[in-house]
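Counting begins at 1 with the first residue of the sequence.
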Amino acid sequence: MPKTLSQKVWDAHVVRAEEGEPELLYIDLHLVHEVTSPQAFDGLRLAGRTVRRPDLTLATMDHNVPTQNIDQPVADQVSARQMQALARNCAEFGIRLYPMGDPGQGIVHVIGPQLGLTQPGLTIVCGDSHTSTHGAFGALAFGIGTSEVGYVLATQCLLAWPPKTLAITVRGRLSRGVTAKDLVLAVIGRIGVGGATGHVIEYRGEAVRALSMEERMTVCNMSIEAGGRAGMVAPDETTIEYLAGRPFAPKGAEWDAAVARWRKLVTDEGAAFDQEVVLDAADIEPMITWGTNPGASIPIRGTVPEPAGDASIARALAYMDLVPGQQLLGRRVDVAFIGSCTNGRLSDLRAAASVFAGRHVAEGVRALVVPGSQQVKKQAEAEGLDRVFREAGAEWREPGCSMCIAMNGDRLEPGRYAVSTSNRNFEGRQGPGGRTLLASPLTAAAAAVTGRVTDARELMR
């Protein structure tokens with residue numbers, strides 16, 4: 001029977017399957033950070049267990065890491081304790097760790113790919129919902145809960161139900177000034193935040209094939225925001241070129257054998273998906289969110305919708321202090337945040353720098369630019385991007401999750417508006433009472449230099 005890409009990877013990792021029971025799935029790579037792991041390690045100690053495959057486990061510090069003054073003691077004591085606990089746990093159980101300030105440190109979903117640990121055909125889990133990022137390589141990657149983190153540490157396996165499949169095909173090519181972030185916000189706006197619940201999304205079509213690996217990671221990263229279990233893109237020459245020479249990628253004859261396997265990881269002709277959605281790339285504009293979930297997105301020149309009796313829309317409008325029918329275009333903003341596991345990679349920083357170059361952050365606006373890893377920071381500085389940001393009046397920070405989650409000192413003040421390249425705009429996500437407008441690095445940079453929601457294409461002419 002013809003199989004989809006996700007079915008091929010799933011079936012290749014099933015250890016045991018019993019009718020009416022979740023299947024036992026082998027895990028190739030387990031990523032760990034400081035927030036969701038302490039209880040899992042405590043559970044191992046209580047049960048007298050060890051980590052079964054420390055060589056297939058990688059840890060880093062990201063959520064709690066301050067993005068300035070990292071040579072000083074961490075001011076937030078909760079953050080400090082969580083990072084100290086991770087260091088102790090990794091030392092005790094023999095897990096490779098990239099701590100704060102280490103050259104390999106960064107956001108977990110940035111460093112996995114850049115190290116070459118993320119590869120086609122693998123199963124990858126992490127106690128973090130945005131693990132779907134790694135599906136850009138044709139890996140089956142998804143977030144797990146704290147108890148599951150402990151289960152994987154102890155067994156290198158996971159009990160899970162086989163997911164359904166959803167094909168999202170984007171025909172044609174994206175227009176100039178329209179980015180991968182706009183594409184995925186358009187997808188979520190189309191199918192809704194629950195449109196992919198219980199499904200693995202496979203992104204297909206000419207527009208997806210034309211994306212770089214970093215752009216594909218942006219798209220797959222936000223699959224969870226549509227309710228998806230995971231998001232995937234079949235590996236191709238772009239994937240192979242990206243992985244070649246990475247520190248943990250196969251070498252020599254093993255590389256040749258791996259590439260031969262990877263080329264077979266495509267959906268078979270005639271394979272059936274449980275759902276299919278088709279979009280035309282030419283119809284996608286730069287997008288921005290107006291509400292309190294990523295599905296509340298509109299084209300940058302669009303208008304805020306009417307509640308039409310929907311209490312959730314009415315509540316979101318009240319929280320965001322918006323009225324139906326108004327445009328976001330031209331609305332004053334207080335903060336521009338560029339970073340996160342969605343848009344903190346080198347190509348994102350290059351895009352933002354193209355807008356900042358020769359301009360200055362608007363009066364009264366704060367702009368934070370936060371690289372996704374120490375390696376990204378080093379590469380950006382080698383290209384002089386940090387000088388572009390600083391000369392424009394933006395803050396160039398140390399790597400970490402930063403204002404995406406507001407648990408590390410970087411917070412949006414109550415009532416303030418941020419144009420943010422992160423992945424979630426829930427109430428209080430960037431800080432209690434803060435109002436988040438999700439958008440691309442181009443749009444965030446344009447907001448920073450104009451002081452208002454701006455169509456970045458106006459600055460690119």
Side-chain angles (χ1 to χ4, degrees), residues 9 12-13 15 24-65 82-135 137 139-160 230 243 246-250 254 258 341 372-375 399-401:
V9 180
H13 289 80
V15 176
L24 189 64
L25 201 67
Y26 186 77
I27 302 303
D28 293 307
L29 176 64
H30 186 192
L31 303 170
V32 176
H33 58 67
E34 73 273 20
V35 176
T36 56
S37 63
Q39 300 92 331
F41 283 109
D42 287 343
L44 291 182
R45 291 188 188 93
L46 288 171
R49 296 189 175 114
T50 60
V51 174
R52 183 170 180 83
R53 292 295 303 270
D55 57 317
L56 301 182
T57 310
L58 172 74
T60 191
M61 298 176 182
D62 54 12
H63 283 59
N64 291 122
V65 172
Q82 286 191 325
M83 290 191 287
Q84 290 163 3
L86 180 64
R88 288 195 304 270
N89 289 329
C90 288
E92 178 180 345
F93 288 95
I95 293 171
R96 181 171 57 245
L97 168 67
Y98 296 108
M100 182 175 69
D102 187 275
Q105 178 265 335
I107 302 174
V108 67
H109 308 310
V110 175
I111 69 169
Q114 75 182 21
L115 288 169
L117 286 165
T118 302
Q119 298 172 21
L122 300 186
T123 49
I124 302 173
V125 297
C126 177
D128 187 288
S129 57
H130 295 104
T131 309
S132 55
T133 306
H134 306 263
F137 292 79
L140 183 58
F142 49 90
I144 56 177
T146 298
S147 60
E148 293 173 311
V149 170
Y151 193 92
V152 175
L153 287 172
T155 68
Q156 204 58 33
C157 291
L158 180 71
L159 285 168
L243 285 170
R246 300 272 169 184
F248 290 95
E254 290 184 1
C341 62
S373 71
Q374 290 289 349
Q375 180 176 311
C401 292

Taking all non-hydrogen atoms of both residues, which atom of [X] and which atom of [Y] are closest, and how far apart?
X: T118; Y: P113; result: OG1-N, 3.4 Å
X: L140; Y: A230; result: CD1-CB, 4.2 Å
X: V35; Y: Q82; result: CG2-OE1, 4.0 Å
X: G127; Y: V149; result: CA-CG2, 3.9 Å
X: G150; Y: A40; result: N-CB, 3.5 Å
X: G135; Y: A141; result: N-CB, 4.1 Å

Residue pairs passing the ring pair (Phe, Tyr, Trp, His ring centres under 6.0 Å) test where at least one lies in residues 95-133, sequence neighbours excluded: H109-H134
How would you list, by chain and number, every residue that makes a ring pair (Phe, Tyr, Trp, His ring centres under 6.0 Å) with Y151, sequence neighbours excluded? none
Listed partners of F142 passing ring pair (Phe, Tyr, Trp, His ring centres under 6.0 Å), at least two apart: none
Roughly how far apart are [X] [atom1] and [Y] [atom2], rounded to 0.5 Å?
X: I95; Y: L153; atom1: CD1; atom2: CG; value: 5.5 Å
X: L58; Y: C90; atom1: CG; atom2: SG; value: 8.5 Å
X: N89; Y: L97; atom1: CG; atom2: CG; value: 10.0 Å
X: M83; Y: M61; atom1: CE; atom2: CE; value: 6.5 Å

E34 side chain vs N64 backbone, donor-acceptor pair below 3.5 Å: yes
Report, as yes or no, whether the 6.0 Å neighbourhood of atom CZ on R96 holds more than 12 heavy atoms from other residues, nucleotides or ligands. yes
Would you indicate whether the side-chain heavy atoms of [Y] and [X] approach each other to under 4.5 Å?
X: I107; Y: H33; value: no
X: I27; Y: R52; value: no
X: L56; Y: H30; value: no

Set of side chain to side chain donor-acceptor pair (under 3.5 Å) partners for [X], sequence neighbours left out:
X: T123; answer: D28
X: Q119; answer: none
X: S132; answer: none

Considering residues at least two apart in sequence or located in another chain, which fulfil the side chain to side chain contact (heavy atoms under 4.5 Å, CB included) criterion with [X]?
X: Q374; result: I70, Q105, K377, E398, P399
X: L29; result: L31, L117, I124
X: S147; result: none
X: P38; result: none

Could you give all pairs that pass the side-chain hydrogen bond (donor to acceptor under 3.5 Å, both in side chains) test and reach residues 53-63, with sequence neighbours left out? Y26-R53, R53-D55, H63-D128
Tell me every residue that passes salt bridge (charged side-chain N to carboxylate O under 4.0 Å, His left out) with D42, counting only those two or more places apart in sequence or in another chain. R45
